[in-house]
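What follows is a single structure, written as structure tokens, with notes after it.
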Amino acid sequence: MGELVLAAVIVAATVVGVWWLPRGGAVERPGGGWLRHPGTWLAAVIGLFFGNQVLFTAYVAQVRHGDTSFIARYMPPGWFDLADLGGWQYELPAWPWTVLHAQSAIELPFGVLSYLLVCRWFGAEVFRRAVDARWLLSASFTVTFCLIEWDLPSPYTVGDIAIRVVSGVVTPLLLPLLSEGAPGQPRLLPFVASVGALGCIVLAVYDTVTLYNLGHTVSWLPIVATALAVLAVARWWARRPVTHGPTMSSVASSLGWFLLMFMVPALPLRYGFNFGLPYLSMLAGLVITAAAVWRGWDHQRLGRLAIAAVAGIVGAAAGYLLAHGYPEARLLAAGIGFLLVGLGVCAVLDQRSQLRTSR
């Protein structure tokens, strides 16, 4: 039953992304400073995640005497590697709602704010359209999260689903308060570096707090510190003005369309692999990619598209093979590898065209 529902969600979300979202304009959301920046609220949500994990550790230490089997037996392997907080775990309050319920409330804002932050980095127009599609995004993510809850039944399942539904209503109500970024196309290399760095941070949060593995925090610190340094440099670099050549302009336009079209079906496509629907997820991904390229690429330069695509596939394969750990880590590495190698090839093609023109 869950597979059929998720298959329907994948198909519907893909149709919405490819056909409906590109239509019409979007409401401007200028100004606001750091208080309306999605990055500010993403950091706040991450703080709530870690706060919940600390309180969960205190609850397990005081009420369950350090034994997580009461909940671990309902989950797959790889969960509940708790940290030793010393005497603090006996001083903090022991609240039972820290078991799954708090996570169910803030997991949707975490995913949505992460995606909207990427859209804001890309440009104001993509961010506006993404925020305008917030109800579709929330519905797609909420249904997927609820299917995952139902697939992992526990005494907390019904309550978690109810909390996720409430979160699915409250979150999109607040998203219009966020402000957009700068207009125009971004510098693509710092944009890709920013996405890669944010992806590493998201993976660290996923492992340490969404899977209740606070004990993994120390091992993630060097990776997160490096990602934050890369992110700081990339955002500084992104502020510099840019003029794209014709091939890079096609890349930027296609990438903007991809971000918009992929937004609503993103989470259902990811979990299609868990629910026995890998071919449907891959087909939907190919349709979205083809539609984005069709809308964004200059059709007079299809030869350059073929060259860049072949190079990008090589980069994606290298990234996928070099990465390890969670499937999301391999997908992130493959995506970044595809973009970096493809961008390099497109930049060389533009440079060669410019040299020929100058001669």
Side-chain angles (χ1 to χ4, degrees), residues 37-53 78-79 81 102-122 126-127 130 137-138 140-142 144-145 148 164 167 171 175 178 190-214 216-235 238 255 258-259 262-271 273-274 285 319-320 322-340:
H37 197 292
T40 302
W41 293 102
L42 178 60
V45 169
I46 292 174
L48 289 175
F49 259 133
F50 275 95
N52 180 70
Q53 293 310 298
W79 290 54
D81 183 2
Q103 174 184 310
S104 299
I106 56 182
E107 196 167 11
L108 176 66
F110 174 67
V112 170
L113 286 169
S114 299
Y115 202 98
L116 289 180
L117 180 58
V118 171
C119 292
R120 192 182 193 276
W121 286 339
F122 193 85
V126 171
F127 180 81
L137 174 63
S138 178
S140 172
F141 279 33
T142 299
T144 304
F145 281 136
I148 297 168
R164 290 191 183 277
S167 178
T171 300
L175 292 180
L178 300 175
F191 171 76
V192 173
S194 300
V195 173
L198 178 63
C200 290
I201 295 169
V202 168
L203 284 172
V205 173
Y206 173 77
D207 180 49
T208 54
V209 293
T210 64
L211 301 186
Y212 291 78
N213 291 323
L214 199 59
H216 296 180
T217 302
V218 174
S219 64
W220 275 102
L221 287 179
I223 298 173
V224 171
T226 303
L228 289 172
V230 170
L231 185 58
V233 173
R235 298 323 304 153
L255 188 54
F258 178 82
L259 284 173
F262 185 68
M263 179 182 67
V264 173
L267 194 68
L269 261 63
R270 160 62 188 91
Y271 281 97
F273 290 89
N274 293 58
Y320 186 87
L322 290 173
H324 59 87
Y326 292 111
E328 289 84 355
R330 289 183 175 272
L331 292 174
L332 174 66
I336 297 301
F338 180 90
L339 289 173
L340 287 177

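Side chains are part of it too, since the values below use all heavy atoms of this structure and drop only hydrogens, waters and symmetry mates. None of the values given here were measured: they were computed from a predicted structure.
Put simply, the side chain of V205 does not reach to within 4.5 Å of the side chain of W220, judged on heavy atoms. Between L340 and V192, some side-chain heavy-atom pair lies under the 4.5 Å cut-off. Looking at L178 and L113, their side chains come closer than 4.5 Å, going by heavy atoms from C-beta outward. In this structure the side chain of Y115 reaches within 4.5 angstrom of the side chain of L259, judged on heavy atoms. Looking at S138 and L108, their side chains come closer than 4.5 Å, going by heavy atoms from C-beta outward.
When atom types are taken as modelled, the side chain of S194 and the backbone of A234 share no donor-acceptor pair closer than 3.5 angstrom. Under the 3.5 Å distance criterion, the side-chain polar atoms of S140 are left unmatched by any main-chain donor or acceptor of L137.
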Checking L269 against F262 for the side chain to side chain contact (heavy atoms under 4.5 Å, CB included) test, could you report, in this order, the C-alpha distance in whole Å, the side-chain angles of both residues, the deciding distance, and whether it holds? CA-CA 9 Å; L269 261 63; F262 185 68; 3.9 Å; yes

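The shortest non-hydrogen separation linking L42 to S114 is CD1-OG, 3.5 Å. Nearest heavy atoms, A193 versus V230: O-CG1, 4.1 Å. Residues L203 and E328 share a closest heavy-atom pair of CD2-CB, 3.5 Å. Closest approach of R235 and P190 over heavy atoms only: NH1-O, 4.2 Å. A pairwise comparison of heavy atoms in A204 and V224 identifies CB-CG2, 3.6 Å as the closest pair. Between T210 and Q103 the shortest heavy-atom distance is O-OE1, 2.8 Å.
Here CZ of F110 is found 11.0 Å from OH of Y206. Values are rounded to the nearest 0.5 Å. Note that CG of D81 and OG1 of T208 are 11.0 Å apart. Values are rounded to the nearest 0.5 Å. Atom CG of L48 and atom CD of Q53 lie 11.5 Å apart (nearest 0.5 Å). Annotation: the span from L331 atom CG to R270 atom CZ amounts to 7.0 Å, rounded to 0.5 Å. Atom CG of L198 is separated from atom CG of L231 by 7.0 Å, given to the nearest 0.5 angstrom.
Checking each of F127, W121, W41 against L116 for a side chain to side chain contact (heavy atoms under 4.5 Å, CB included) leaves exactly one that passes, namely F127. Checked options V112, T144, T142; the residue passing with L267 is T144 (criterion: side chain to side chain contact (heavy atoms under 4.5 Å, CB included)).
In this pair, Y212 and W79 present their aromatic rings parallel. The plane angle is below 30°, not in the 30 to 60° band. By the 30° and 60° cut-offs, the orientation of the rings of F145 relative to F141 is perpendicular.
The neighbour count for F273 CZ, taken as heavy atoms of other residues, nucleotides or ligands under 6.0 Å away, is above 12.
With sequence neighbours left out, the side-chain hydrogen bond (donor to acceptor under 3.5 Å, both in side chains) criterion links N213 to D207.
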